[in-house]
Amino acid sequence: MRIFDPHIHMTSRTTNDYEAMYAAGVRALVEPAFWLGQPRTSVGSFTDYFDALIGWERFRAAQFGIRHHCTIALNPKEANDPRCVEVLDVLPRYLAKDGVVAVGEVGYDSMTPEEDDVFARQLALAVEHDLPVLVHTPHRDKLEGTKRTLDVVRESGLPMERVVVDHLNEVTVGLVKDSGCWMGFSIYPDTKMDEHRMVAILREYGLEKMIVNSAADWGRSDPLKTFLTGQAMLADGFAQSDVDKVLWDNPVAFYGQSGRLTLDPLPGFTGEAQEFSGNSVLRGARK
């Protein structure tokens with residue numbers, strides 16, 4: 001199984017996770033800029049973080065055979081903090097960097113006027129820099145947040161096929177499918193989606209524009225949930241080619257719109273997936 005995890009926060013993960021991910025077939029990933037769990041108080045704290053995403057974390061992933069890409073943005077949660085809004089002024093210099101494959105995560109947390117403004121401004125940056133967009137839907141009032149998200153995207157003039165709307169569930173997937181945007185699903189141990197619900201959604205809505213990620217971060221999450229989703233698909237009767245489409249072809253097609261994906265094997269590593277049962281490695285990788 002060859003896997004592209006299109007949304008995972010490796011800054012919060014360990015080298016053991018990288019080793020387990022490679023063993024499970026992960027060969028490439030996208031790390032979106034996100035909230036680090038504690039309020040940042042200056043623009044400098046963001047630029048240090050962005051520099052780490054495009055530099056150190058890319059290097060760290062390469063040591064374990066995984067191609068690292070990232071997305072850059074002011075995240076929705078911190079869009080409400082006036083100390084952070086000036087980050088928008090420094091985003092253009094990062095959006096021009098190699099390895100930056102989208103603007104993101106953008107969207108809504110509490111659906112405030114401040115979030116409206118920051119969301120719209122960052123969609124405009126995506127248009128200006130010819131980049132796709134990764135959109136975060138709110139954890140609270142998700143249905144209304146998704147409706148509002150799609151309205152703002154339509155108003156931006158950005159083609160819908162250049163947007164992935166993430167953290168979807170059974171309630172919101174139909175709206176996003178009808179919009180023409182890509183559909184993103186975060187597979188978690190306790191919250192959001194699990195792999196079995198994901199398989200049911202794939203059965204109902206098909207495989208086109210479906211993107212599955214682990215969104216693993218500093219909370220209780222699992223960087224191998226993409227692998228487990230693939231296993232669940234096979235157990236439900238999906239073909240290996242179907243798994244390849246969801247876990248590799250679809251994220252490559254979406255982020256490939258940036259023109260910046262690097263997917264060839266790293267020196268000293270093979271690009272081929274290996275047989276992986278994962279029991280001992282899985283236990284070591286989970287947090």
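- The shortest distance between side-chain heavy atoms of Trp182 and Val163 does not fall below 4.5 Å.
- How far CG of Leu143 is from NZ of Lys147: 4.5 Å, rounded to the nearest 0.5 Å.
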### Message
Is there a side chain to side chain contact (heavy atoms under 4.5 Å, CB included) between Glu195 and Val212? Walk through the geometry before answering.
### Response
CA-CA 9 Å; Glu195 54 268 33; Val212 172; over 6 Å; no
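- Tyr22 and Phe64 have their aromatic ring centers separated by at least 6.0 angstrom.
- A salt bridge links Asp151 with Arg154: the closest approach of a Lys/Arg side-chain nitrogen to an acidic carboxylate oxygen falls below 4.0 angstrom.
- The backbone N or O of Thr262 lies less than 3.5 Å from a partner atom in the side chain of His69, making a donor-acceptor pair.
- For the residue pair Ser186/Asn213, the side-chain donor-acceptor check at 3.5 Å is satisfied.
- Salt bridge annotation for Arg203-Asp236: present, with a cationic side-chain nitrogen under 4.0 angstrom from a carboxylate oxygen.
- The minimum heavy-atom distance between Pro189 and Arg220, with the atom names listed, is CB-NH1, 3.2 Å.
- The shortest distance between side-chain heavy atoms of Arg40 and Asn75 falls below 4.5 Å.
- Counting heavy atoms from C-beta on, the side chains of Glu161 and Lys209 come closer than 4.5 Å.
- Side-chain atoms of Glu31 and Thr11 form a donor-acceptor pair, as typed in the model, at a separation below 3.5 Å.
- Asp5 places no side-chain N or O within donor-acceptor distance of the main-chain N or O of Val26, the cut-off being under 3.5 Å.
- Using a 4.5 Å heavy-atom threshold, the side chains of His136 and Pro32 count as separate.
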### Task
May I have the step-by-step check of side chain to side chain contact (heavy atoms under 4.5 Å, CB included) for Arg197 and Asn169, ending in yes or no?
CA-CA 9 Å; Arg197 289 167 60 197; Asn169 58 22; 4.2 Å; yes
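- In this structure a side-chain-to-backbone donor-acceptor pair under 3.5 Å is missing from Arg13 to Tyr18.
- Of all non-hydrogen atoms in Pro6 and Pro251, the two that sit nearest each other are CB-CB, 3.9 Å.
- Taken from CE in Met210 to CG in Asp242, the straight-line distance is 12.5 Å, to the nearest 0.5 Å.
- With values rounded to the nearest 0.5 angstrom, Glu105 atom CD is found 9.5 Å from Thr137 atom OG1.
- Of all non-hydrogen atoms in Leu266 and Gly65, the two that sit nearest each other are CD1-C, 3.4 Å.
- Inspection of the Asp48 and Ser45 side chains reveals no N or O donor paired with an N or O acceptor under 3.5 Å.
- For the residue pair Asp166 and Gly184, the shortest heavy atom distance occurs at OD1-C, 3.1 Å.
- A salt bridge links Lys245 with Glu208: the distance from a Lys NZ or Arg NE/NH1/NH2 to an Asp or Glu carboxylate oxygen falls below 4.0 Å.
- Hydrophobic clustering keeps Phe34 apart from Val30 (ILVMFWY residues linked when any side-chain heavy atoms are closer than 4.5 Å, directly or through intermediates).
- Here the side chains of His167 and Met193 are not in contact, with every heavy-atom distance at 4.5 Å or above.
- There is no path of hydrophobic side-chain contacts, each under 4.5 Å, that joins Trp248 to Ile187.
- Counting heavy atoms from C-beta on, the side chains of Phe50 and Leu91 come closer than 4.5 Å.
- Interatomic distance, CD of Gln231 versus CE of Met1, reported as 4.5 Å (0.5 Å rounding).
- Val246 has its side chain out of reach of Met198: every pair of non-hydrogen atoms, C-beta onward, lies at least 4.5 Å apart.
- For the residue pair Thr71 and Leu53, the shortest heavy atom distance occurs at O-CD1, 4.3 Å.
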### Message
Run the side chain to side chain contact (heavy atoms under 4.5 Å, CB included) test on Phe119 and Val153 for me, step by step, so that the C-alpha distance in whole Å, both residues' side-chain angles and the decisive distance to 0.1 Å come before the verdict.
### Response
CA-CA 9 Å; Phe119 187 13; Val153 171; 4.1 Å; yes
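- Annotation for Glu114: atom CD counts as buried by contact number, over 12 foreign heavy atoms lying within 6.0 Å.
- Ion pairing between a basic and an acidic side chain is recognised when a charged N comes within 4.0 Å of a carboxylate O; Arg140 and Asp109 show such pairing.
- At least one donor-acceptor pair under 3.5 Å links the side chain of Asp17 to the backbone N or O of Thr14.
- Between the side chain of Gln122 and the backbone N or O of Gly104 there is no donor-acceptor pair closer than 3.5 Å.
- For the atom pair CZ (Phe185) and OG (Ser214), the distance works out to 15.5 Å, reported to the nearest 0.5 Å.
- Asp116 and Arg148 are joined by a salt bridge, as a carboxylate oxygen and a charged side-chain nitrogen come within less than 4.0 angstrom of each other.
- Nearest heavy-atom pair, Asn80 versus Pro82, reported as atom, atom and distance to 0.1 Å: O-CD, 3.5 Å.
- At least one donor-acceptor pair under 3.5 Å links the side chain of Glu115 to the backbone N or O of Met111.
- Relative orientation of the His9 and His7 rings is perpendicular, given thresholds of 30° and 60° on the angle between their planes.
- Val118 places a side-chain heavy atom less than 4.5 Å from the side chain of Leu88.
- At most 12 heavy atoms of other shown residues, nucleotides or ligands fall within 6.0 angstrom of atom NZ in Lys97.
- Paired with Cys181 under the rule side-chain contact (heavy atoms from CB on, under 4.5 Å), one option of Val164, Thr146, Leu150, Leu158 passes, and it is Leu150.
- Residues Asp264 and Arg67 are paired through a salt bridge, judged by an N-O separation under 4.0 Å between the basic side chain and the carboxylate.
- In this structure, Arg260 contributes its side chain and Val100 its backbone to a donor-acceptor pair below 3.5 Å.
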### Query
What do the steps show when you test Leu168 against Lys177 for side chain to side chain contact (heavy atoms under 4.5 Å, CB included), and what is the final call?
CA-CA 11 Å; Leu168 299 181; Lys177 182 177 178 65; over 6 Å; no
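- Residue Ile66 is not grouped with residue Leu263 when hydrophobic side chains (ILVMFWY) are merged at heavy-atom distances under 4.5 angstrom, including chains of intermediate members.
- No continuous path of hydrophobic side-chain contacts links Leu134 to Val127 [ILVMFWY only; heavy atoms under 4.5 Å].
- Under the 4.5 Å side-chain heavy-atom criterion for ILVMFWY residues, no single connected hydrophobic cluster contains both Trp56 and Met10.
- Ring pair Phe4/Tyr255 is parallel by interplanar angle, where below 30° counts as parallel and above 60° as perpendicular.
- Considering CZ of Phe254 and CZ of Arg162, their distance stands at 8.0 Å, rounded to 0.5 Å.
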